[in-house]
Structures are given as structure tokens and as C-alpha cells.
Amino acid sequence: MSRMPVSQVLNCETAPAEPILVQGWVRTRRDSKAFSFVEINDGSCLANLQIIADQGIPGYEDVLQLRTGASVSITGNLVESQGKQKWELQATSVEMLGNAEEDFPLQKKGHSMEFLRSIAHLRPRSNLFGAVFRVRSRMAYAIHQFFQDKGFVYVHTPIITASDCEGAGEMFRVTTLDGEELDTAPEKDFFGKPSYLTVSGQLEGETFACALSNIYTFGPTFRAENSHTSRHASEFWMVEPEMAFCDLQGDMDLAEEMVKYLVTDALEHCREDLQFFNSFIDKGLIERLQFVSERSFERVSYTEAVELLENSGEKFEYPVEYGLNLQSEHERWLTEEHFKCPVTVYNYPATVKPFYMRRNDDDKTVAAMDLLVPGIGEIVGGSQREERLDVLRENLKHHDLSEEDYWWYVDLRKYGTVKHAGFGLGFERLLMFVTGVANIRDVIPFPRTPGSADF
RNA sequence: UCCUCAGUAGCUCAGCGGUAGAGCGGGUGGCUGUUAACCACUAGGUCGUUGGUUCGAACCCAACCUGAGGAGCCA
């Protein structure tokens with residue numbers, strides 16, 4: 001007899017004629033004089049399956065020993081429940097595969113998120129984290145579906161790199177050297193020069209876009225920034241599409257379409273889990289997601305955004321002034337207070353953006369864009385890339401970067417250059433937005449943050 | 001890196017100068033088609049660490065450690 005997932009059991013229209021086999025972990029047990037209720041969960045869905053184990057069935061002596069967390073294998077007949085759930089399993093035999101010791105840390109009561117992080121190996125067995133990681137899996141699938149349906153080619157850009165995607169932050173060094181040689185003899189290192197974990201696959205992505213036209217990457221990314229916030233992790237996953245023959249308009253269109261597609265997909269395929277988030281961690285979640293999936297996003301230029309902020313009458317801690325970067329509080333005001341929906345801000349001053357962004361005709365701004373969402377802020381950052389060889393060379397110089405280090409990147413502009421554009425979407429930030437979970441550490445299985453790389 | 005807050009039982013917290021507490025979880029017994037079940041009993045603590053103040057410190061002070069929130073940076 002093969003195991004039937006709990007999700008499938010609970011979705012039965014009519015009770016199967018034959019006995020079925022279910023396997024999972026005990027969530028709770030309640031004893032009566034002549035029988036016990038055991039609820040099991042196997043992660044296939046949020047809901048538990050209630051088991052009725054009568055005194056006298058094979059394994060009943062084990063049932064009385066079962067603690068929360070134990071693993072069990074149960075055969076029985078599916079019957080309509082006398083209680084509030086539709087189905088329950090009338091057990092014909094119960095086998096305890098492995099009991100949980102008395103100090104199993106996950107209780108039936110609510111735990112703090114901080115405590116659950118300290119038991120990251122067990123937290124997927126909780127309702128909340130089971131739901132988070134089912135949604136994470138579904139969203140990863142939907143990302144591939146979105147791009148594959150559009151004919152984008154999935155490219156695996158390198159994890160180890162010797163090139164710095166300037167402006168993307170501090171890098172982790174990868175080395176086989178130790179002691180002094182680290183600094184004095186980098187040429188003796190494994191790759192013959194200093195190498196690092198990637199902070200972005202964009203530059204490599206551009207080379208493939210300039211061959212296969214539309215590509216995307218989806219993989220881990222590493223930043224050695226000493227950030228202590230609820231939306232930064234040292235290791236996270238990023239989606240980076242890159243499109244040839246595409247300008248900033250097309251780039252913004254794609255980013256908005258993608259966020260909308262993913263939200264709609266979650267509403268359609270993760271309903272039970274979203275309902276759970278809506279009830280327990282974010283009361284307005286489903287309403288907000290529905291709003292996002294139905295309405296169009298707002299779009300303002302940086303210049304317009306600065307004007308809105310200046311005329312807002314708000315007292316901001318940091319000044320609003322043309323030429324300065326928008327602060328978190330400014331972004332929050334735009335998306336949460338003013339527009340109350342996702343907003344794309346575009347055409348930023350060149351002075352606050354990296355060398356590869358395309359300079360606009362006004363000579364002051366670059367064709368950059370950030371997609372901001374309520375509650376999180378920046379979820380997408382992207383730009384049209386500078387495709388003009390002379391302008392790119394000038395930009396490298398302005399940013400004190402040597403053309404030699406970027407020779408292959410510059411080559412793209414020498415041999416059949418085309419306008420092209422792309423963006424990066426923080427996968428965990430998307431998950432925070434879709435689930436309502438407030439901390440990035442709680443949407444990634446084993447979070448890495450400064451001072452913490454357990455498990 | 002900066003600013004703020006918090007570390008008391010396995011978990012969530014109360015106690016805020018004078019003998020260390022509750023609920024949940026664990027153990028034992030009882031009761032019941034129960035569903036964060038219920039009732040009784042019971043075990044469980046160098047009060048983050050190190051110094052200091054005091055007759056006396058979980059409580060006041062200092063430093064450090066850990067965690068969280070925010071800023072910057074970004075996704």
C-alpha cells in the first residue's frame with residue numbers, strides 16, 4: 001500500500017472503499033477512556049488529519065506513548081467526522097516510527113519568531129513555516145513558468161566571480177590562501193587572482209541577453225554588508241531578467257507584469273496558506289494582494305516623486321532634495337501613504353547610480369527604476385543599460401573603474417551593441433510581500449545574517 | 001558602523017532593594033467524541049556574563065556577550 005498525502009486525503013469527495021495508508025508527524029494527541037484522537041501532519045498541506053485509534057487495535061500501546069513530534073505510520077478507513085472537520089481516519093493499525101523525546105521544543109502554543117529561528121531545523125514542522133515554505137516553492141515554480149512562457153532562456157551565471165558588479169555592495173572573499181599571502185600574494189590564490197561570491201549575475205546576464213535576446217537568472221546572491229534590518233540577509237535569492245532590444249519602458253512593464261503574475265498565482269494556488277497568514281500574522285493580506293493583482297501600478301519619475309514629497313506637508317527625518325537618494329521613509333510615504341499601492345519610480349539622478357545605467361538625454365538622470373511595495377519598500381531595482389561605447393567608457397572613468405577589469409563587458413558595446421535593459425527582484429522580499437511575514441529571516445530556510453550562520 | 005530596546009523554568013511572561021512566581025509544555029493519576037480538550041498532584045531556576053554599590057541585588061551602576069527594532073547600504 002502506498003502512502004497517501006494528507007492533502008489528498010482531506011480533498012476526497014467520497015470515502016475510498018479500501019483502507020489507506022498515511023504517514024506523518026504527530027501534532028497533538030487527546031485520550032479518551034477507550035480510544036485516542038491523534039492529529040498528524042505531513043507538510044502536504046496546512047491542515048492536520050485526525051486519527052481515531054480505538055483501544056485494542058495493533059499498536060494501541062504505542063499510541064498512548066505518542067508525544068507531539070513523533071513520526072507515525074497509520075492504516076485505516078476514511079470516515080465522515082462527527083466533529084468539526086469533514087474527514088477523519090478510523091485506524092486499523094498504528095505504528096510508531098520514532099517517538100519524540102520529552103523535550104521536543106515545538107509546543108501546540110504559539111512561539112516567538114526569535115525562538116523558532118533558534119530551532120530552524122524543526123520550525124518547518126510548525127503551521128506558519130510549513131505554509132511559508134510551500135508558498136516559497138510555488139513562487140519559485142511560478143517564476144520559471146512566467147519566463148518560460150514568454151520564451152526567456154534560463155541562464156546559470158557563476159556563483160564565484162572575480163568581477164565586482166560595482167554599486168551592489170560588499171563582497172565575500174573566496175580563497176584557499178591563509179595568513180599573510182591573502183594580502184601579499186593574491187596571484188598564488190586558487191584562481192590566480194582575488195575572487196568573490198557573486199553579488200549579482202547582471203553583467204554576465206547581459207552577455208547572454210546580447211546573444212539569446214531574452215534571458216533570466218534565478219539563484220543565490222551574497223552580500224557581506226553589515227546590515228541589521230528585517231529585510232537584509234547575507235545570502236538571498238535573486239531573479240534577474242535581461243532583455244535585448246528593450247528600453248526602460250519595457251523593463252518597467254515586465255517588472256510590474258511579473259509582480260502581478262506572481263501575486264495572482266499565489267492567490268490561485270496557495271489559498272489555504274494565504275488564509276492562514278491572513279488570520280494570524282497580517283489581517284489585511286488577502287485584500288491587499290487582490291488589490292495588487294487587479295489594479296495597475298503607479299509610475300512616477302524621480303523628479304515628480306521629489307515634488308510630491310516636498311509638497312506633502314510631512315515632516316521627514318531626512319531632507320528631500322533633488323540629487324539625493326530617496327530614504328526609506330520617503331519610499332514608504334510614497335507607496336504606503338500617498339499612492340497606497342505599488343509604485344515604480346524612474347529616471348534617477350546619475351550621481352546616485354552605478355556606471356552601467358544608461359544616461360538620459362537630459363544628461364543629468366539615468367534610465368533607472370525601483371519598484372516599491374507597501375510594507376517592504378524596494379522589491380525590484382533595474383535599469384536600461386548604457387549601450388553606447390563612448391558613454392560607457394566615460395562612466396567607467398567617472399566611477400574610477402578600469403576598463404581592463406571590464407574588458408568583456410565593454411566588448412558587448414564594440415560588437416553589435418543593442419539597447420537592453422533588466423532588473424533584479426529580491427525573491428525573499430517578494431515572499432515577505434506575498435505572505436505578510438515581516439522578517440526576511442523567516443522566509444528563507446536557514447538565514448545567514450552578520451554573526452549568524454547556524455545550521 | 002551608528003541609535004534604541006530586551007535577556008528570569010523547555011516556551012511565553014510577571015516580579016523592579018528584603019525567602020524565585022504563573023500559564024503552557026514534561027511526569028503521574030482521573031474524566032470526557034475530543035479538537036491550543038478539561039481537572040488534580042508533581043518535577044523543574046548560579047534570574048545572559050564579569051565587576052561594582054549596599055547589611056542585603058533578579059531589581060541600582062559599568063563593561064562585555066547575545067537577540068530584536070530602526071538608520072545607512074541595497075534586493
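Since the structure is predicted, the reported quantities are computational estimates derived from the model, not experimental observations. So that the names make sense, note that chain A is the first sequence line, chain B the second, and so on, each numbered from 1.
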Could I get a table of every N or O pair under 3.5 Å where one atom is in the protein and the other is in nucleotides 6-10 of chain B?
unit_1: B/G10; atom_1: N2; unit_2: A/Gln107; atom_2: NE2; d: 2.2

Practice task
Quick one: do A/Gln50 and A/Arg30 satisfy side chain to side chain donor-acceptor pair (under 3.5 Å)? Show the steps, please.
Solution key: CA-CA 11 Å; A/Gln50 175 163 287; A/Arg30 296 175 292 274; 3.3 Å; yes
I want to verify a distance call: between [options], whose nearest atom is closest to the [X] side chain?
X: A/Ser81; options: B/G33, B/C73, B/G67; result: B/G33
X: A/Arg223; options: B/C74, B/A71, B/G69; result: B/C74
X: A/Arg429; options: B/U34, B/G26, B/C74; result: B/C74
X: A/Gln85; options: B/A68, B/U35, B/C11; result: B/U35

Paired with [N]: which nucleotide, if any, by Watson-Crick or G-U wobble criteria at under 3.5 Å for both distances?
N: B/A63; result: B/U49
N: B/A36; result: none
N: B/G17; result: none
N: B/G69; result: B/C3
N: B/C41; result: B/G27

Handout entry: Whole-Å distance separating the CG atom of A/Asp442 from the P atom of B/G67
Key = 14 Å
Practice task
For nucleotides B/G45 and B/G7, find the distance between their C1' atoms and express it as a whole number of Å.
Solution key: 15 Å
Practice task
Kindly indicate whether the side chain of A/Glu240, heavy atoms from C-beta on, has any atom under 4.5 Å from the side chain of A/Tyr216.
Solution key: no
Completion exercise
Of A/Asn226 and A/Ile52, the one whose nearest nucleotide on RNA chain B sits closer to the 5' end is A/Asn226
Mind checking if [X] touches a base, just sugar-phosphate, or nothing, with heavy atoms under 4.0 Å?
X: A/Gly83; answer: base
X: A/Ile440; answer: base
X: A/Leu425; answer: nothing

Problem - Qualifying residue, where the test is side-chain hydrogen bond (donor to acceptor under 3.5 Å, both in side chains) with A/Arg117 and the options are A/Asp442, A/Asp454, A/Thr449 - result: A/Asp442
Handout entry: Side-chain donor/acceptor contact of A/Glu88 with base of B/G33 under 3.5 Å
Key = yes
Problem - Check: A/Glu102 side chain, B/G26 base, donor-acceptor under 3.5 Å - result: no
Using a cut-off of strictly less than 4.0 Å between a heavy atom of the residue and any atom of RNA chain B, enumerate the qualifying residues of [range] by number.
range: residues 332-352 of chain A; result: A/Arg332
range: residues 64-79 of chain A; result: A/Arg67
range: residues 25-42 of chain A; result: A/Thr28, A/Arg30, A/Asp31, A/Ser32, A/Lys33, A/Phe35, A/Phe37, A/Glu39
range: residues 230-241 of chain A; result: A/Ser230, A/Arg231, A/His232, A/Ala233, A/Phe236, A/Met238

Problem - Set of residues satisfying side-chain contact (heavy atoms from CB on, under 4.5 Å) with respect to A/Thr264, sequence neighbours excluded - result: A/Ser293
Problem - Partner of A/Phe277 by side-chain contact (heavy atoms from CB on, under 4.5 Å), out of A/Leu289, A/Val434, A/Val132, A/Ile286 - result: A/Val132
Problem - A/Lys364 to A/Tyr322, cation-pi by 6.0 Å centre distance and 45° axis angle - result: yes
